[in-house]
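In what follows, a single structure is set out as structure tokens and then discussed.
Side-chain atoms are counted along with the backbone in the values below, which use heavy atoms only and exclude waters and symmetry mates. Here the structure is a predicted model, which is why all the values come from computation and not from measurement.
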Amino acid sequence: MTRMKSIGAAFAAILLSSVAAHAGDVRIMWYSDGGEGEVIKDLLSRFSKANPDVNVILDEVSYDVVKEQLPVQLEAGQGPDIARLTNLKAPAQHWLDLRPYLTDAKYWEDNFGAQADWMRPDGSTAITGFMTQLTLTGGFVNKTLFEQAGVEIPGPKATWDDWAAAAKKVADSQKVFAMAIDRSGHRVSGPNISYGANYIAADGKPAPIDQGAKDFLSRFVKWNEDGTMNKDVWVSAAGTTYRSAAEDFINGGLAYLYSGSWQVSGFAQKIGDNFDWVMAGSPCGTAACSGMQGGAGLVAVKYTKNPKDVAKVMDYLAGADVQKEFAERSLFIPAHKGVAAGQMDFKTDNPHVQAALKAFVEAAGQTAAPAIKLPGWKWSDAYYSAIVARISQVIAGEMKLDDAYARIDEDIKAKVAGN
């Protein structure tokens, strides 16, 4: 009998996803940013009805579980059959090459080939999965707060300094926080690159943290110290733990949030008509006005006992009709080339959503070259993790900024040496 199980409790999901699958079982570890979990459950229920011999089990977990627990499982040669995650390149040796099991490998190459290197070992031609959506980092503005404060929203070429000054005026007037950036090394990397940072050395290994990164990070630390940034976002968690500032924005307590396109669906659901909000691209530095491209990928895990069934599920989810419906209902920018080239009918009557998605598509053209390289670079997550851990310590008053730069370089060198 076909069944699809949704498990809300993270602890239960950790235990379940580490259990070896039985014949015919396909276990999927899935996290959601917004409402996409409900969409994938609906789509998988249709697959299950048409394929009663394949038992699909959907384990819904938090992003922290995927980030912190899945790598441990993989290193032990365990884990789910399929997983959704954002750190795709570094653990690529654990992904299954689906190519021998797919109905039409060329279809995958034609429609998902642009991001295939993001999720396979360097030099490989493996087909390991597909991006569930493409994302871009960028800023969200509480337009209502700006209007109530009588502060003009900065224009498209405004710098980070311009945005900090404007948001601080709003904060002082409306008694809210001015700005916040998600607690993520990925999230501050677009701003770093906008000031000229380049993480990748000539030999492809990590470069020491450079002046471009220091130019932004020094600003970021200062803004946390003087109250321009909501300091709690970066000091309320330890180590490399991710902390989104989205809830602060949703609750109306934040004038400006730097996060990304994956938030649009959640904002549509949770903000409603409480206030007007707009997407405002990425502020400029001295070198660019760049965000970071990326997204979540759905990959097959090579430790599965059922590769043929896994490929059957992946083929279904990668189909053009399913991809189009998933993107339209989840309010995501599609990664499927054919779907992206066609007309999209996003399932929302919220004008803020339509405008935000259009703005993200336009902003993608401003992505700087160093930022485009990072999603397919093996050491991206090592760099991101070192930045978030050490800069958090500076903001918390536990370390001087110059010492943090030295420790970031040391952390990354240790990571490279251990692999």
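Checking L298, N51, V56 one by one against V313, the side-chain contact (heavy atoms from CB on, under 4.5 Å) holds for a single residue, V56. Partner of R243 under the salt bridge (charged side-chain N to carboxylate O under 4.0 Å, His left out) criterion, chosen from D182, D64, D248: D248. Considering F360, F146, W262, Y256 as possible partners of F140, the one that fulfils the ring pair (Phe, Tyr, Trp, His ring centres under 6.0 Å) test is F360.
Other residues, nucleotides and ligands contribute more than 12 heavy atoms inside 6.0 Å of the NZ atom of K347. The neighbour count for D104 CG, taken as heavy atoms of other residues, nucleotides or ligands under 6.0 Å away, is above 12. Other residues, nucleotides and ligands contribute over 12 non-hydrogen atoms within 6.0 Å of the NZ atom of K214. No more than 12 heavy-atom neighbours from other residues, nucleotides or ligands sit within 6.0 angstrom of CG on D321.
The two residues L96 and P307 make their nearest non-hydrogen contact at CD2-CB, 4.0 Å. Contact between A364 and Q293 at its shortest, heavy atoms only, is O-NE2, 3.8 Å. Here the shortest heavy-atom pairing between A255 and V170 reads CB-CG1, 3.8 Å. Between V233 and A180, the closest heavy-atom pair is CG2-CB, 4.2 Å. Closest heavy-atom contact between L88 and G295: CD1-O, 4.5 Å. Listed here is the closest heavy atom pair of Y195 and C284: OH-O, 4.0 Å.
With sequence neighbours left out, Q393 forms a side chain to side chain donor-acceptor pair (under 3.5 Å) with R390.
With hydrogens and angles left out, the side-chain atoms of T241 and R183 include no donor and acceptor closer than 3.5 Å. A donor-acceptor pair shorter than 3.5 Å cannot be found between the side chains of Y199 and D210.
F332 and F326 have tilted rings, their planes meeting at an angle from 30° to 60° on a 0 to 90° scale. Ring planes of F267 and W277: perpendicular class, angle over 60° (limits at 30 and 60°).
K67 has its side chain within reach of D381: a pair of non-hydrogen atoms, C-beta onward, lies under 4.5 Å apart. Two residues are said to be in side-chain contact when any heavy atoms from C-beta on lie closer than 4.5 Å; L257 and I181 fail this criterion. With contacts defined as side-chain heavy-atom distances shorter than 4.5 Å, the pair L74/V301 qualifies. The shortest distance between side-chain heavy atoms of L44 and W30 does not fall below 4.5 Å. Annotation: side chain of R46 is in contact with side chain of Y316 (closest heavy-atom distance under 4.5 Å). Using a 4.5 Å heavy-atom threshold, the side chains of T367 and S282 count as separate. At least one side-chain heavy atom of L401 sits under 4.5 Å from a side-chain heavy atom of S218. No side-chain heavy atom of I391 sits less than 4.5 Å from a side-chain heavy atom of V388.
Taking the charged nitrogens against the carboxylate oxygens, K222 and E225 have no contact shorter than 4.0 Å, which rules out a salt bridge. A salt bridge links D53 with K312; the closest basic N to acidic carboxylate O contact falls under 4.0 Å. The existence of a salt bridge linking K106 and E109 is excluded, since no basic side-chain nitrogen approaches an acidic carboxylate oxygen closer than 4.0 Å. For the pair E36 and R84, the salt-bridge criterion is met [side-chain N within less than 4.0 Å of a carboxylate O]. A salt bridge links D42 and R329; the closest N-O separation between the charged side-chain nitrogens and carboxylate oxygens is under 4.0 Å. Using a 4.0 Å cut-off between charged nitrogen and carboxylate oxygen, K89 and D122 count as a salt-bridge pair.
Atom CG of L317 sits about 10.5 Å away from atom OG1 of T132, to the nearest 0.5 Å. For the atom pair T125 OG1 and D97 CG, the distance stands at 6.5 Å (nearest 0.5 Å). Note that the OG atom of S48 and the CG atom of L43 stand 11.0 Å from one another [nearest 0.5 Å]. Rounded to the nearest 0.5 angstrom, K41 NZ and I28 CD1 are separated by 12.5 Å. Atom OG1 of T240 and atom CD of E68 lie 6.0 Å apart (nearest 0.5 Å). To the nearest 0.5 Å, atom CZ of residue F275 and atom CD1 of residue I250 are 7.5 Å apart.
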ring-ring contact (aromatic ring centres under 6.0 Å, His included) evaluation trace for Y107 with H336
CA-CA 10 Å; Y107 166 86; H336 186 290; 5.7 Å; yes
Begin from the C-alpha positions of I387 and I408 and carry the test side chain to side chain contact (heavy atoms under 4.5 Å, CB included) through to its verdict.
CA-CA 6 Å; I387 288 174; I408 288 170; 4.3 Å; yes
Give the intermediate values and the outcome of side chain to side chain contact (heavy atoms under 4.5 Å, CB included) for residues Y31 and T86.
CA-CA 10 Å; Y31 83 92; T86 56; 3.3 Å; yes
Verify side-chain hydrogen bond (donor to acceptor under 3.5 Å, both in side chains) between R187 and T137, making sure each step is shown before the conclusion.
CA-CA 7 Å; R187 221 68 77 243; T137 57; over 6 Å; no
Side chain to side chain contact (heavy atoms under 4.5 Å, CB included) between H352 and M279, intermediate numbers included
CA-CA 8 Å; H352 304 310; M279 185 272 175; over 6 Å; no
As a quick check of understanding, evaluate side chain to side chain contact (heavy atoms under 4.5 Å, CB included) for F47 and V54, giving each step before the final call.
CA-CA 9 Å; F47 172 87; V54 182; 4.0 Å; yes
Apply salt bridge (charged side-chain N to carboxylate O under 4.0 Å, His left out) to residues D110 and K337 and explain how you reach the verdict.
CA-CA 7 Å; D110 290 345; K337 183 178 179 181; over 6 Å; no
Can you list the steps and then say if S32 with Y63 is a side-chain hydrogen bond (donor to acceptor under 3.5 Å, both in side chains)?
CA-CA 7 Å; S32 294; Y63 180 75; over 6 Å; no
Is there a side-chain hydrogen bond (donor to acceptor under 3.5 Å, both in side chains) between Q211 and D215? Walk through the geometry before answering.
CA-CA 6 Å; Q211 190 58 47; D215 283 349; 2.8 Å; yes
Please assess Y384 against Y242 for the test ring-ring contact (aromatic ring centres under 6.0 Å, His included), listing each intermediate value before the final yes or no.
CA-CA 11 Å; Y384 302 154; Y242 174 71; over 10 Å; no
List the steps, then state whether salt bridge (charged side-chain N to carboxylate O under 4.0 Å, His left out) holds for R407 with D409.
CA-CA 5 Å; R407 294 297 294 273; D409 288 341; over 6 Å; no
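Between W379 and Y383, a ring centre-to-centre spacing not shorter than 6.0 Å is recorded. The distance between the ring centers of Y258 and W160 falls below 6.0 angstrom.
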